[in-house]
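Please read the structure below before turning to the comments.
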Amino acid sequence: MPLDVCRLPLVGGHPALDLVNTLERGSPLDGDPPHDFLSDISALLRWTSRVGLINDAEADRVGQAWRDDPAAAHAGLAAVRDIREQLHLVMLAAIRPADGGATDDPGSPAEGDPIAAGAALVGLHERWSGAAARATLVLDRGDPPRIRLTYGTVPALLIPDRAAEAALDVLRTADLTRVRRCPVAEGGCGWLFLDQSRNGSRRWCRMADCGATAKARRLTERRRAARTAPSARAGSPDSGR
């Protein structure tokens, strides 16, 4: 049974990458469609609060706006899912095959396709442009004072606007050479994460999960091969000579 969205591991190292990881990636079991942890409006509200894209007061305002306008709620969920998939395509095109890129882990035809990535960038720019048009400049009277751009001034659009802001932030500020994909070809889940290890050698989303599972599977395969090798030699034509 899939985890609840509030128990979903946050392994991305950035909220935008954790957003990408709210859909099962890699190879679905038994041919089932991938599980979407953002299954409904409630899951989206809980997840965005958990990762800090919105605070409690904002969650209350969004929840009220969506209760008053269910169509806006469903449009907000669809927009966030759209941002998620566009960012996924862009990241797959940016990841080198050695770091889990699409050449090593073939999936859908669009994976790693620069044309699809370009179209996704256009879509993300459109989402961000709309969010920026609704943003406001705010003076923080700190020491020193500073001006910041605040996204999400319209409650019904606050969450998709913050998701668009997060997507832009990871594209502009993250070291894309440090973005990794949990290696599907080796039994990983296909989730994305920022490798923040000192020597850039992290391979798995979590060693305790995918890494340990892959190691156990390799050990089982080696033991099986060791057991079958003597019997194969015993049954060979040369074994009685």
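In this chain, numbering begins with 1 at the start of the sequence shown.
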Give the cluster check for [X] versus [Y]: same hydrophobic cluster or not, with ILVMFWY residues linked at side-chain heavy-atom distances below 4.5 Å.
{"X": "L87", "Y": "L8", "result": "yes"}
{"X": "V20", "Y": "L124", "result": "yes"}
{"X": "V5", "Y": "L45", "result": "yes"}
{"X": "L168", "Y": "L194", "result": "no"}
{"X": "L121", "Y": "I95", "result": "yes"}

Query raised in the report: Has R134 got its NZ or CZ under 6.0 Å from the middle of the six-membered ring of Y151, at an angle within 45 degrees of the ring axis?
Result: no

Taking [X] first and then [Y], would you say they form a salt bridge - that is, a charged N and a carboxylate O separated by under 4.0 Å?
{"X": "D161", "Y": "R127", "value": "no"}
{"X": "R25", "Y": "E85", "value": "yes"}
{"X": "R46", "Y": "D4", "value": "yes"}

Taking every non-hydrogen atom, the tightest pair across [X] and [Y]:
{"X": "E24", "Y": "F37", "answer": "CG-CE1, 4.1 Å"}
{"X": "I83", "Y": "A167", "answer": "CG2-CB, 4.1 Å"}
{"X": "V184", "Y": "C189", "answer": "CG2-C, 4.3 Å"}
{"X": "A135", "Y": "L149", "answer": "CB-CD1, 3.7 Å"}
{"X": "A94", "Y": "L176", "answer": "CB-CD1, 4.4 Å"}
{"X": "L192", "Y": "H88", "answer": "CD1-CD2, 4.0 Å"}

Which distance, rounded to the nearest 0.5 Å, do you find between the [atom1] of [X] and the [atom2] of [Y]?
{"X": "L17", "Y": "C205", "atom1": "CG", "atom2": "SG", "value": "12.5 Å"}
{"X": "R67", "Y": "I41", "atom1": "CZ", "atom2": "CD1", "value": "12.0 Å"}
{"X": "R202", "Y": "F193", "atom1": "CZ", "atom2": "CZ", "value": "4.5 Å"}
{"X": "D140", "Y": "T150", "atom1": "CG", "atom2": "OG1", "value": "7.5 Å"}

**Report entry** Atom CD1 of I115 with >12 non-hydrogen neighbours under 6.0 angstrom
**Finding:**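 Open: at most 12 neighbouring heavy atoms sit under 6.0 Å from CD1 of I115.
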
Within the 4.5 Å heavy-atom criterion, are [X] and [Y] side-chain neighbours or not?
{"X": "R162", "Y": "I54", "value": "yes"}
{"X": "L171", "Y": "M91", "value": "yes"}
{"X": "L158", "Y": "E58", "value": "yes"}
{"X": "L53", "Y": "W47", "value": "yes"}
{"X": "I147", "Y": "V138", "value": "no"}
{"X": "R203", "Y": "D195", "value": "no"}
{"X": "P9", "Y": "W191", "value": "yes"}
{"X": "D169", "Y": "H14", "value": "yes"}

Donor + acceptor pair across side chains of [X], [Y] (<3.5 Å):
{"X": "D175", "Y": "T177", "result": "yes"}
{"X": "T22", "Y": "R84", "result": "yes"}
{"X": "Q64", "Y": "D68", "result": "yes"}

Query raised in the report: Does R81 use its side chain to pair, donor to acceptor, with the backbone of L38 at less than 3.5 Å?
Result: yes

**Report entry** Non-neighbouring partners of R50 that pass salt bridge (Lys or Arg N to Asp or Glu O under 4.0 Å), sequence neighbours left out
**Finding:**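 Scan of R50 (salt bridge (Lys or Arg N to Asp or Glu O under 4.0 Å), adjacent residues dropped) gives none.
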
Report task. Begin with the C-alpha distance, continue with both residues' side-chain angles, and end with the deciding distance and a verdict on side chain to side chain contact (heavy atoms under 4.5 Å, CB included) for W66 and L77. Result -> CA-CA 11 Å; W66 282 357; L77 177 59; 6.0 Å; no

